[in-house]
Amino acid sequence: MSTDGVTPLPEGPVSFARDILPIFADRCVSCHRPGGIADLSGIDLDLRADRAFSSLVNQPSVQRPDLTLVVPDNADASLLYLKVASGNPPVGARMPLIAAPLSAAQIELIRKWINEGAGDN
Ligand code: HEC
C-alpha cells in the first residue's frame, strides 16, 4: 500500500522503534527536547528516542489537558495525529512548526501505529 505514490509503507504492523522514532528524530526533536523551542515555550513534550513513548501515550496535552496526545486505537482522538495531519488542529499550529508538513506516508504511519494500539514495539 502506498499513500503518496512514492514511498511504500512497510508490510505488517508499524513498529514504533523502526518506523516512528526516525520521523521524530528527523523532524521534531530539534524543538522537542530539553532546551528546545517547544520546551522553552513551556511544552515539555520530549520526543527523543528514550522519552517519546512515555511522553505521548495516554498523556494529556499541556495546552489543552482535556485532550490526549495519543489515545491507543484512536488516531482521530489523538492530538499527536491531529497536529501532523491537519492544517487546523484543535490547539496551536500544524507540526512540524514553520516547516514542510510530514509526507503523506509518514502521516499514515503515525495513524496506523496509533490505530494498531500504539505499542512500544
Ligand atoms: C520549530 C520547532 C518545532 C518543531 C520542529 C516541532 N514542534 Fe511541536 N511544538 C512546538 C511548539 C512551539 C509547540 C507549542 C505551540 C503549538 O502547539 O503550536 C508545539 C506543540 C506540539 C504538540 C502539542 C503538545 C501539547 O502538550 O499541547 C505536539 C503533539 C507536537 N508539538 C508534536 C510535534 C511533532 C510530532 C513534531 C514533528 C513532526 C513537532 N512537534 C515539531 C515546536 C516545534
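Whatever order the structure lists them in is the order used to number ligands and atoms, beginning at 1. Values reported hereafter were calculated over all heavy atoms of this structure, with side chains retained and with hydrogens, waters and symmetry mates removed. These numbers were taken from a predicted model, which means no experiment stands behind them.
With ligand atoms numbered from 1 in the order given, ligand 1 contributes 25 (C), 26 (O), 27 (O) to contacts under 4.0 Å with heavy atoms of V62. Distances below 4.0 Å separate heavy atoms of R27 from the following atoms of ligand 1: 5 (C), 37 (C), 41 (C). Listed by number with element, the atoms of ligand 1 under 4.0 Å from a non-hydrogen atom of A93 are 16 (C), 18 (O).
One option in Q63, Q59, Q106 has a heavy atom closer to atom 15 (C) of ligand 1 than any other, and that option is Q63.
The nearest protein atom to atom 27 (O) of ligand 1, hydrogens excluded, is given as S61 OG, 2.7 Å; this is a heavy-atom distance.
Only protein N, O or S atoms were considered, and those under 2.8 Å from atom 8 (Fe) of ligand 1 are H32 NE2, M95 SD.
Between R51 and S55 the shortest heavy-atom distance is O-OG, 2.7 Å. Scanning both residues, V91 and L79, for their nearest heavy atoms gives CG1-CD2, 3.7 Å.
In terms of the salt bridge (Lys or Arg N to Asp or Glu O under 4.0 Å) criterion, residue partners of D66 (sequence neighbours excluded) are, by chain and number, R64. Judged as a side-chain hydrogen bond (donor to acceptor under 3.5 Å, both in side chains), and not counting sequence neighbours, the contacts of D46 are R48.
Within the 4.5 Å cutoff, side-chain heavy atoms of R27 are placed close to those of L102. In this structure, the side chains of L97 and C31 stay at 4.5 Å or more apart for every pair of heavy atoms.
Residue pairs meeting the side-chain hydrogen bond (donor to acceptor under 3.5 Å, both in side chains) criterion with at least one member in residues 75-95: none, sequence neighbours excluded.
Taking a 4.0 Å cut-off on heavy atoms, I98 fails to register as neighbouring ligand 1.
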